[in-house]
Participant: 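Before I ask anything, let me first share the structure, which is written out below as structure tokens.
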Amino acid sequence: MSLSSILAQATFLLRTGALYPVFFVVVLLAGCARNENESSYAAEAAGEVLTWAEVASQLPENLSPQDSAALATTIINDWRLRKLWLEKAESQLGSDLDSFEVVVQRYREDLLVLSYQSRLAQQEMDTAFTESELQAAYVRNKEQFQLGVDIVRVSYLAVPATAPWSSKLRNALSRGDQNPPENLVLFAKKWARQYRLADTGWVELPDLAKQLGLPAYQPEALLRLGYKDWTSGSTRYLLQIHALKRASTTVPFPLARPWVKALLLERRKKEYWKRLESEMLEKH
């Protein structure tokens with residue numbers, strides 16, 4: 001019986017509820033295989049075998065019966081092809097195999113050491129920094145924190161063109177208060193398709209255009225401080241640009257904080273490893 005026939009039979013039984021998905025697919029495959037050639041494994045190639053248990057371990061529990069059977073076939077065929085390609089490569093590369101073994105061994109050693117060092121750093125090394133440490137490092141390394149795009153601090157609303165906008169609401173939007181007036185909040189909740197109030201932080205201009213749902217990105221209109229108000233189609237856009245930073249200038253500290261912390265953490269790690277390695281060499 002061929003593997004495809006076995007899988008077809010397994011799929012039929014699973015559809016009728018006679019077998020439980022995934023595990024019994026493999027059990028049936030194994031049983032059919034043993035009836036044919038007394039084999040206790042799923043496949044053999046290049047002098048190696050793939051067991052049914054190994055196939056079963058790769059089958060997710062929540063797959064449908066049909067998908068389980070199809071995936072079992074894929075796993076077996078992929079394994080056979082990998083082993084056959086490897087056999088051909090080893091037979092043809094010949095003397096080059098030693099150099100591959102050296103590279104693989106070095107990679108394994110580096111991976112083990114890096115994994116251990118990472119775990120050790122998390123367990124043993126102090127990773128906390130005070131705000132003053134972060135700000136001092138930011139000042140010392142400003143040249144490393146350059147903006148790639150224009151950014152703004154902005155409050156905005158995108159509302160239907162017919163929404164009842166007033167001068168009082170405009171003044172409230174322009175102030176950019178951390179706690180915006182109730183009338184502005186109520187207006188935004190009732191009318192706005194999108195809104196951003198309370199000047200919550202910096203945003204990149206391309207992201208701002210996406211948030212607003214602008215039909216075409218025109219950065220010139222967003223690169224001037226102050227109030228802006230225009231209508232496009234059935235939507236009215238109401239913006240107050242509170243602050244602006246152009247590309248290629250220094251990233252503001254609130255945005256740069258994660259990078260500054262990463263920079264300080266990397267330096268602390270190097271000092272930690274240097275001290276630890278010195279102690280290891282002294283002891284051994």
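Keep in mind that the numbers below use all heavy atoms, side chains included, and drop hydrogens, waters and symmetry copies.
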Participant: Show your reasoning for whether side-chain contact (heavy atoms from CB on, under 4.5 Å) applies to Leu222 and Leu244.
Facilitator: CA-CA 9 Å; Leu222 306 176; Leu244 166 68; over 6 Å; no
Participant: Quick one, Trp191 and Pro164 - any side-chain contact, counting heavy atoms below 4.5 Å?
Facilitator: yes
Participant: Quiz question: by atom type and distance under 3.5 Å, do the side chains of Ser57 and Glu54 form a donor-acceptor pair?
Facilitator: no
Participant: Just wondering, more than 12 heavy atoms not from Glu109 lying within 6.0 Å of its CD?
Facilitator: yes
Participant: Any idea which heavy atoms bring Phe129 and Leu265 closest together, and the distance?
Facilitator: CZ-N, 3.6 Å
Participant: Are side-chain N/O atoms of Ser248 and Gln146 paired as donor and acceptor at under 3.5 Å?
Facilitator: no
Participant: Quick check: are there more than 12 heavy atoms from other residues, nucleotides or ligands sitting under 6.0 Å from CH2 of Trp273?
Facilitator: yes
Participant: Side chain of Ser68, backbone of Ser64: donor and acceptor closer than 3.5 Å?
Facilitator: yes
Participant: Mark yes or no for whether Asn141, through its side chain, and Ala137, through its backbone, hold a donor-acceptor pair below 3.5 Å.
Facilitator: yes
Participant: Less than 4.0 angstrom from a charged side-chain N to a carboxylate O is my criterion; do Lys261 and Glu266 meet it?
Facilitator: no
Participant: Are the side chains of Ile151 and Leu255 in contact, using a 4.5 Å heavy-atom criterion?
Facilitator: yes
Participant: So do the side chains of Leu186 and Glu182 get within less than 4.5 Å of each other, counting heavy atoms only?
Facilitator: yes
Participant: Could you tell me the separation between the OH atom of Tyr237 and the CH2 atom of Trp230, rounded to the nearest 0.5 Å?
Facilitator: 7.5 Å
Participant: Heavy-atom count around Gln123 CD within 6.0 Å, excluding the residue itself: above 12?
Facilitator: yes
Participant: To the closest 0.5 Å, what do you measure between CD (Gln240) and CZ (Arg153)?
Facilitator: 11.5 Å
Participant: Heavy atoms, side chains only, cut-off 4.5 Å: are Leu157 and Arg196 in contact?
Facilitator: no
Participant: How many angstroms lie between atom CD of Glu48 and atom CZ of Arg82, to the nearest 0.5 angstrom?
Facilitator: 9.5 Å
Participant: Quick check for you: to the nearest 0.5 Å, what is the distance between Asp150 atom CG and Leu208 atom CG?
Facilitator: 11.5 Å
Participant: In this structure, are over 12 heavy atoms from other groups packed under 6.0 Å from Arg236 atom CZ?
Facilitator: yes
Participant: Is there a side-chain contact (heavy atoms from CB on, under 4.5 Å) between Tyr107 and Val102 once you walk through the steps?
Facilitator: CA-CA 9 Å; Tyr107 174 77; Val102 171; over 6 Å; no
Participant: Are the side chains of Phe145 and Leu263 in contact, using a 4.5 Å heavy-atom criterion?
Facilitator: yes
Participant: Looking only at atom types and distance, does a side-chain atom of Ser118 sit under 3.5 Å from a main-chain N or O of Ser115, one as donor and one as acceptor?
Facilitator: no
Participant: What are the two closest non-hydrogen atoms of Ala128 and Glu133, and how far apart are they?
Facilitator: O-OE1, 4.4 Å
Participant: Measure from the side-chain N and O atoms of Arg193 to the backbone N and O of Leu212, and report whether any donor-acceptor pair falls under 3.5 Å.
Facilitator: yes
Participant: If you measure from CG on Leu205 to CD on Gln211, what distance do you get to the nearest 0.5 Å?
Facilitator: 11.0 Å
Participant: Looking at CZ of Phe253 and CG of Leu134, how far apart are the two atoms once the value is rounded to the nearest 0.5 Å?
Facilitator: 5.0 Å
Participant: Quick test of your reading of the model: are Arg106 and Asp110 salt-bridged, counting only N-O distances below 4.0 Å?
Facilitator: yes
Participant: Where does the angle between the aromatic ring planes of Trp165 and Phe187 fall among parallel (under 30°), tilted (30 to 60°) and perpendicular (over 60°)?
Facilitator: tilted
Participant: Under the criterion side-chain contact (heavy atoms from CB on, under 4.5 Å), I'd like the reasoning laid out for Phe100 against Leu93: C-alpha separation, chi angles, the key distance, then a yes or no.
Facilitator: CA-CA 10 Å; Phe100 280 102; Leu93 291 175; 3.9 Å; yes
Participant: Taking atom types as modelled and ignoring hydrogens, do the side chains of Glu124 and Tyr272 form a donor-acceptor contact shorter than 3.5 angstrom?
Facilitator: no
Participant: Can you find a side-chain donor-acceptor pair between Thr74 and Asn77 that sits under 3.5 Å?
Facilitator: no
